[in-house]
Peer 1: 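The structure that follows is given in the form of structure tokens.
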Amino acid sequence: MKLCMIGTGYVGLVSGVCFADLGNDVICVDKDISKINLLKKGKVPIYEPGLSELVIKNYKNKRLSFSSDLKKSIIESDIIFICVGTPTKKGGSSADLRQIYKVSKEISSSINKFKIIITKSTVPVTTGDEIEKILSKKNKKKKFSVVSNPEFLREGEAIRDFIYPDRVVIGTNDKKTGKILKSLYSPLISKGASYLQTSRRAAELIKYASNAFLATKITFINEIANLCEKTGINVEDISIGMGLDKRIGSRFLRAGPAYGGSCFPKDTKAIISTADKFKTNLSVIKSVIKSNENRSKILLDRIYQILNKKIKNKKIAFLGVTFKANTDDMRDSSSLKMIPWLSKKGAIITYFDPTGYKDEFSSLKNVTNKTTIKEAVQGSNLVVIHTEWNDFKSINFKSLVNGKKFIIFDMRNIYSSSKIKDQGFKYYSVGK
Ligand code: UGA
């Protein structure tokens, strides 16, 4: 069986490369010719640990190929994964499905034999039905099956998440298709992944409901962290205590800045929009979105208090600006709210991120990128640990002080407050 991945973003590229590594014949297609040319040279346009090595290995052994010829790639393939972007509509909250439908039209005119067409992109409930309608127009005698197979990869951990998923969800009512896809995923199922076959609509909703639930967990613990700060309790004790209950589970209970990235903010808005369409009120998720939007304001207010309500001319260093560690992704990172606000209030900001300079701050007054932690923090009044990169986990702060000691605000609770305080630094964290 030949596989075709349409779209070489996170989802398409990681899944395509991993399927090839499992022994399949995979062609990755993208309309962006420069991207395809880069990939053919073994250069990966996104930052994802381990991905580049797998691209080179599988391209060399010819299980993986790259193309910008969509029609030819579809004709040659048996299983087609649609992996194009579904961003939030400009000025709205629903998912923009234009790329999905454009690709579906292209597929509809290239169905030369039985094909399985799969949405791996995150798509709202009923998108599969719409794709099926588009395909049926030109293919009256049905020679295709439209399936939802959501992905649950995290940026920075994407390869591990692909190889060792908790579950593989296949949304189809067609027995033959289900059998083929179960066999495609059998190497992962035999390593322990649960296999769940549902209706297509259910699979579409499982993805949104999962992301919305994880976002809820994070927002929940962030609000509990606010209460902990007022009551002298350590939020980490609460996370452990709650997490030990198997019904709750310990993961995604780390308090910190607002959740960000390309998925949770987008998908929580999109599920609300779907629910509105079906006249259903998802009040919990609505509150989550509101609370998360307010999170950056709360942390900025803490900075304001820490600096004795004087931000003008204060030197503030940000360690890490991406939305989480092990990615260069800035989408919806809370630093995009915090740094502009501080700059507007007259702060002088330096930042260091292991993934380097960020264009997003280029037009801001007094915001400078530094290429080492030392350069970023020296002479600062306040050092904000914004992202939990390993690079920031064992800093010898004493060796970085040049003159007066800076204050440390650890938004990821990386350090033990007593150890840092013993070194003579004023130290603040989250939820303690
Ligand atoms: C998320 C999901 O975790 C994946 O399962 C899903 O496949 C993906 O979205 C997607 O829909 O494509 P990702 O956005 O890469 O993955 O990042 P996460 O690791 O989930 O982190 C999201 C945000 O939550 C980050 O800002 C992170 O710092 C924050 N977070 C996470 C916390 O604040 N606390 C936690 O305990 C965990």
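Counting starts at 1 for both ligands and their atoms, in listed order.
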Peer 1: Please list, one pair per line, the donor and acceptor atoms closer than 3.5 Å that link side chains of residues 247-255 to other protein atoms, with sequence neighbours excluded.
Peer 2:
| from | atom 1 | to | atom 2 | distance (Å) |
| --- | --- | --- | --- | --- |
| Arg247 | NE | Asp245 | OD1 | 3.1 |
| Arg247 | NE | Asp245 | OD2 | 3.4 |
| Arg247 | NH2 | Asp245 | OD2 | 2.8 |

Peer 1: Any side-chain donor-acceptor pair under 3.5 Å between Tyr101 and Glu130?
Peer 2: no

Peer 1: Which residues pass the side-chain contact (heavy atoms from CB on, under 4.5 Å) test with Thr88, not counting sequence neighbours?
Peer 2: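 Testing Thr88 for side-chain contact (heavy atoms from CB on, under 4.5 Å), a comparison that skips the adjacent residues, returns Lys266.
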
Peer 1: Name all residues meeting the side-chain contact (heavy atoms from CB on, under 4.5 Å) criterion together with Ile348; count only those two or more places apart in sequence or in a different chain, and write none if there are none.
Peer 2: Asn313, Lys315, Asn366

Peer 1: Check the side chains of Arg295 and Asn226 for a donor-acceptor pair under 3.5 angstrom, ignoring hydrogens and angles.
Peer 2: yes

Peer 1: For a quick check: using heavy atoms under 4.0 Å, what are the residues in contact with ligand 1, sorted by chain and number?
Peer 2: Glu151, Phe152, Leu153, Arg154, Glu155, Lys207, Asn211, Ile218, Phe252, Leu253, Arg254, Tyr259, Gly260, Cys263, Phe264, Asp267, Phe323, Lys324, Arg412

Peer 1: Could you tell me if Asp353 and Thr355 have a donor-acceptor pair between their side chains, going purely by distance under 3.5 Å?
Peer 2: yes

